[in-house]
Amino acid sequence: MIEPIERSIDLRKIEEDVQKFWEDKKIYEKQKEKIKNGKKYYFLDGPPYASGSIHLGTAWNKIIKDTILRFLALNGYNVRRQAGWDTHGLPIEVKVEKELGITNKREIEEKIGVENFVKACKDFAMRHVEIMTRQFKRLGAWFDWDNPYMTLTDEYIESAWWTIKRAYEKGLLVKDFRVITTCPRCETALADAEIEYKNVVDPSIYVKFKLADRENEYIVIWTTTPWTLIANLAISVHPEIEYAKVETKEGKLILAKDLVNIVKEKFGLDYKIVEVFKGRELEGLRYEHPLKDFINIKPKSKKAYTVILADFVTLGEGTGCVHTAPGHGPEDFEVCRKYGIEAICPVDERGVFTEEAGKYAGLRVKHDDDVIIEDLKKVGALLHRGTIEHRYGHCWRCKTPIIYRATEQWFIKITELKDKMLKEIERVEWIPEWAGSARFRDWIKNAKDWTISRQRFWGIPLPIWICESCGAIEVLSSKKELEEKSGTKIEELHRPYVDKALLKCKCGGVMRRVKDVLDVWFDSGVAAWASLNYPSKSEEFERWYPVDFITEGHDQTRGWFYSQLGCGLIALDEVPYRRVLMHGFTLDEKGEKMSKSLGNVIAPEEVIERYGADVLRFYVLWANKPWEDLKFNWKEVDVVNKMFTVLWNVFVFATTYMSLDKFDPLKHGFDIKSYSFPSDDYLIEDRWILSRINSIIKEVTKDLNSLQLQRATRKLYDFILEDLSRWYITLIRPRTWIEHEAKEKTSAYKALYETLSKLLVLLSPIVPHITEYLYQKFLKPFTGKESIHLENWIKEDRSKINKELEEDMVIVRELIEAVSSAREKARIKRRWPVRKIVLKTKDERVKKAVENLKELIKRQANTLSFEVVEEFGKKKLLPNMSALGREFRAKAKELAKMIENLGEEYAKRLEEGYEVEIAGERIRKEHVKIVEELPENIVSESFSYGTVYIDTEKDEEILSLGYAREIVRRIQEMRKELDLNIEAYIEARIEVDREIAKYIMSQKEYISRETRAKVLEIGEVEHKGYKKEWKIGNVKAIISIEEIKP
RNA sequence: GGGCCCGUGGCGCAGCUGGUUAGCGCGCUCGCCUGAUAAGCGAGAGGUCGGGGGUUCGAACCCCCCCGGGCCCA
């Protein structure tokens, strides 16, 4: 039987209880068992980085995933939803360094020891996996939490190794000397994805370089990185740009003609252009390095210290003559290679100048820029010194400005895969479409080779062994292979353990592992097969691959979407996923990024603490489109919370009455599979709500299938508030008060029961806790299933959908609104009935609709009669003075008077477009205003489908009914003040003046019935029990009531 | 400088493939209701749909240019 639920809702308590229930009864495992024979659906969790606690963005991410997967599971898909964790990499190393109180690599190696450091990193990661798992679980997210994939396990590492081996076999893995971005603090190479651009102030200097073979002539360059001047080996100019030689007291200066004004503006020098020529004429000119006496750089190439030509030179900033240091810039490196100028990099990985830098050896790049600038000044080469604010790359974890250095690194030749990548992404379904076709495509087009080596400790070791004597390379792909070939037992596949393994080369030499570890982006890039332990085991892979669905934030375009694509092409020659939902970022109310430094971070726990996880879940799915950024807003969360209160109240209402009446759905043929009653002779509004809920099922199902989560939640929101609470419940309330067994009451119960049952299932993937709770109370006694999450998704009952009726109701609801508005104008309360309401319309659809729902209209409009007409009131003409005046001048006044006195037939003729002759003038429609003349007691209000007219006259009957309802309401309030049971009987006594008493006397029966008064005395009474004085309008009434004890 | 997204009443957002007087919530003003009630409902005020061109019978929606914001890249 249905039991009434508690009056007030405590979502947080409910959620904790429900989660405990799931745990105790192993509901998640039971669902998994239930769907295990369904169609496979491989969802791959983008592994969160295990280094902190979850924030709103990660919570949103998991909520989206959970909702979609719950929906699919209810639909019978065998959903694979293993949680994943990203556990390697610099961010963890940086945090562990902090915990250990150290600041650089040397200390790790010398003070702590690599083994202890790696152990600490592992411990750190595992600790955070645990913390974050707990936080995710509190959201109600259902994943395989006990069996996650983690990038730090040997099995996982083997899959990554295998992928590297594949790259090697395909010739995509290369070692190369190139300019890459380095973090001098972390002392390692960084990938593009690990660089964050920020606005900073840097020096901006202009330097003149003396031409070797010319007297007093200089080329002028500009730079924001003075420290790179040490390694300057060339000056680039554009072959087609025009350059000018200008005469100044500092000598003859050469720079781009269009930029010569800086000579005056920046250097403060008067100048005269003495010669103009194309850049190509400068090629091959030798110059002297201004600091040549201080540095120790000895380039081999004869082309070093000459002017070279390059297309990348622009006139945007600087002088058009570009300082070129092949050891410190990718473009510099490329252009110098063409000229055979080798890169020299007098800077080590800590950002400290080496011996090659001569007197600068031991100084720190950037930090000691001033020393270099001072020297330039001393040698007379500095023309101008200023500062500039510009964007510069920083290490995304430690925020140190990056430097460019030429070093040897390992690369994946993405540039060779690019065309295939572009083709492969077309096979993927992107939501929204532009995430793939525009954004991702653009990123891939600009992709460069992928630097995968990192000079660090906590990561997947590069599985590359190189022979010390002959340089032969061997790439391994499993622990077993490594142990066999090396004859060494390996504890685990991390540094320093793997480094113990030495291989024997064919040449007899010893092979050692390359010291580097892998870029973490590579770790997660292999997740599609690594989480299935492929290729060491293949059955899981055979069963699940490829990935059916992933969803991550738009930052992952350059991250995980990309790394998976790259790794997929290497390992399996294809993109490993089939469908991607790209979601947005969470921002604060002002649309700014949440960050600790701004202090605007909102933790998911904070929201759960105040409202519960279900409110948070519904809110984030409802607030906007998933792929747009979410501006978190407490007020909006509150709005969602209110919806839950209303939903709860609806269930309080339903369970209260159903329980009183011992309503048993099974007795009425409720089918526990389809959640339907057999079609029956329902009342019209019951048929309407059933049509609505079944339409909603159809729409919400479609929206969830197409990942339009915001549409699904918005439809449910509107349905609950508008259709269910504000309209349907209001309509059926009187029926539920009928005390005996009645057909119309049963009809309401059945419709309501079916509606609420189906609604619960629809809501269950979105808000799994409250729906579980209500299911237990409302449905479980009849369905016998243990949990709502062990149910099946429901299909709409097409026979119950009646679009015409739904449209009729739309019209009627607007009509009722118009009536409310008219009542407001006439100051007639809704409690008071009116004699008559008339609807004027010529629209056949409207006529049909109101005919269909006539009784309902009468009830809701509280009118004794209702009529439809095509014409109402008398048409009257008023003169349109501006039109008359313009045309008839002096005669206008006379005409106006006559027009006012014309009869209705003239109005009709004019309205239909005819002309009318008055006083010899032709009067047309535009000369007049046609108005309706209404009797005094009529109030009108127009709405989209017509106009309603209310007769406001209060006759005897109206007065009786009205006063009676006033009395009833007050007695009911008094019952409530006494906290009487709904079923309790009372005695009531009413003392009012004779006039009023006369009216309510005739409604005695009605009043008794409504207030459950066994005794009702009116007039001069002797009060008993609870007595209260009231004012009804201007009239005083004293009422007393007393409970009759059974 | 390039790519993508966004720009609708004070605030937060709908508006599906272009179709009659552009909706909703919050807030504000004024009312109402009360056997779901420490809730709820209605009405009102409030909008050059960022700006300017164009296509179309018709544009918030399509095209072009510009302005502002965000993300990513250079």
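Being a predicted model, the structure only gives us computed values, none of them experimental. Every chain is numbered from 1, with letters handed out A, B, ... down the list of sequences.
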Heavy atoms only, 4.0 Å cut-off, all strands: where does [X] land among base, sugar-phosphate and nothing?
{"X": "A:K642", "value": "sugar-phosphate"}
{"X": "A:E1010", "value": "base"}
{"X": "A:K715", "value": "nothing"}
{"X": "A:R733", "value": "base"}
{"X": "A:Q972", "value": "base"}
{"X": "A:V650", "value": "base"}
{"X": "A:R714", "value": "sugar-phosphate"}

[X] side-chain N/O to [N] phosphate OP1/OP2 under 4.0 Å:
{"X": "A:K631", "N": "B:rC6", "answer": "no"}
{"X": "A:K635", "N": "B:rC11", "answer": "no"}
{"X": "A:K445", "N": "B:rC4", "answer": "no"}
{"X": "A:R711", "N": "B:rA14", "answer": "no"}

What is the distance from [atom1] of [X] to [atom2] of [N], rounded to the nearest Å?
{"X": "A:M643", "N": "B:rA36", "atom1": "CE", "atom2": "C1'", "result": "16 Å"}
{"X": "A:W627", "N": "B:rA14", "atom1": "CH2", "atom2": "P", "result": "10 Å"}
{"X": "A:N641", "N": "B:rG12", "atom1": "CG", "atom2": "P", "result": "21 Å"}
{"X": "A:D629", "N": "B:rC13", "atom1": "CG", "atom2": "P", "result": "10 Å"}
{"X": "A:D703", "N": "B:rG15", "atom1": "CG", "atom2": "P", "result": "11 Å"}
{"X": "A:N862", "N": "B:rG42", "atom1": "CG", "atom2": "P", "result": "17 Å"}
{"X": "A:D638", "N": "B:rG27", "atom1": "CG", "atom2": "C1'", "result": "13 Å"}
{"X": "A:W434", "N": "B:rG70", "atom1": "CH2", "atom2": "P", "result": "17 Å"}

In Watson-Crick or G-U wobble terms, both distances under 3.5 Å, what is the partner of [N]?
{"N": "B:rG44", "answer": "B:rC28"}
{"N": "B:rC16", "answer": "none"}
{"N": "B:rG58", "answer": "none"}

Could you tell me how far [M] sits from [N] if I compare only their [atom1] atoms? Round to whole Å.
{"N": "B:rG46", "M": "B:rC66", "atom1": "C1'", "answer": "29 Å"}
{"N": "B:rU8", "M": "B:rC72", "atom1": "P", "answer": "22 Å"}
{"N": "B:rC32", "M": "B:rG23", "atom1": "C1'", "answer": "24 Å"}
{"N": "B:rG7", "M": "B:rG50", "atom1": "P", "answer": "8 Å"}
{"N": "B:rG15", "M": "B:rC49", "atom1": "C1'", "answer": "11 Å"}
{"N": "B:rG44", "M": "B:rA38", "atom1": "P", "answer": "29 Å"}
{"N": "B:rA22", "M": "B:rC16", "atom1": "C1'", "answer": "15 Å"}
{"N": "B:rG25", "M": "B:rG18", "atom1": "C1'", "answer": "27 Å"}

From the set [options], return the single nucleotide nearest to any side-chain atom of [X].
{"X": "A:K448", "options": "B:rA74, B:rC4, B:rG42", "value": "B:rA74"}
{"X": "A:V639", "options": "B:rC26, B:rA36, B:rC4", "value": "B:rC26"}
{"X": "A:R831", "options": "B:rG25, B:rA36, B:rU34", "value": "B:rU34"}
{"X": "A:K625", "options": "B:rG15, B:rC5, B:rG2", "value": "B:rG15"}
{"X": "A:A438", "options": "B:rG25, B:rC4, B:rA36", "value": "B:rC4"}
{"X": "A:V646", "options": "B:rG40, B:rC71, B:rC72", "value": "B:rG40"}
{"X": "A:N633", "options": "B:rA14, B:rA43, B:rG12", "value": "B:rG12"}
{"X": "A:E817", "options": "B:rC4, B:rA36, B:rA43", "value": "B:rA43"}

Return the 5'-most residue of the pair A:T656, A:E966 with respect to RNA chain B, ranking by each residue's nearest nucleotide.
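The 5'-side residue here is A:E966.
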Could you pick out which residue, A:L721 or A:R969, lies toward the 5' side of RNA chain B when each is mapped onto its nearest nucleotide?
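Its nucleotide being nearer the 5' end, the pick is A:R969.
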Salt bridge check, A:E973 against A:R970: does any charged N sit closer than 4.0 Å to a carboxylate O?
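The answer is no: the pair does not qualify as a salt bridge.
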Given the structure, check if the side chain of A:S725 and the base of B:rA36 hold any donor-acceptor pair shorter than 3.5 Å.
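Donor-acceptor pair under 3.5 Å: yes.
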Can you check whether any acceptor in the base of B:rC71 is under 3.5 Å from a donor in the side chain of A:R439, or vice versa?
yes
Determine whether A:R813 and A:D723 satisfy the following criterion, salt bridge (charged side-chain N to carboxylate O under 4.0 Å, His left out), listing intermediate values before the conclusion.
CA-CA 10 Å; A:R813 289 179 73 173; A:D723 294 339; 3.0 Å; yes
Distance-only side-chain donor-acceptor flag, A:D202 / A:Y392, under 3.5 Å
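Not at all, the side chains of A:D202 and A:Y392 share no donor-acceptor pair under 3.5 Å.
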Polar contact flag, side-chain donor to acceptor under 3.5 angstrom, A:T228-A:H323
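Judged by distance alone, the side chains do pair up.
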Positive for ring pair (Phe, Tyr, Trp, His ring centres under 6.0 Å) with A:H554, one of A:F585, A:W560, A:F561
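Among A:F585, A:W560, A:F561, the one that satisfies the ring pair (Phe, Tyr, Trp, His ring centres under 6.0 Å) with A:H554 is A:F585.
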How about A:Y619 and A:F632: are their ring centres within less than 6.0 Å of each other?
yes
Report yes if the side chains of A:L724 and A:L756 come closer than 4.5 Å at any heavy-atom pair, otherwise no.
yes
How about NZ on A:K698, more than 12 heavy atoms from neighbouring residues, nucleotides or ligands closer than 6.0 Å, or not?
no
Report yes or no: does A:T952 contribute a side-chain atom to a donor-acceptor pair with the main-chain N or O of A:I950 at less than 3.5 Å?
no
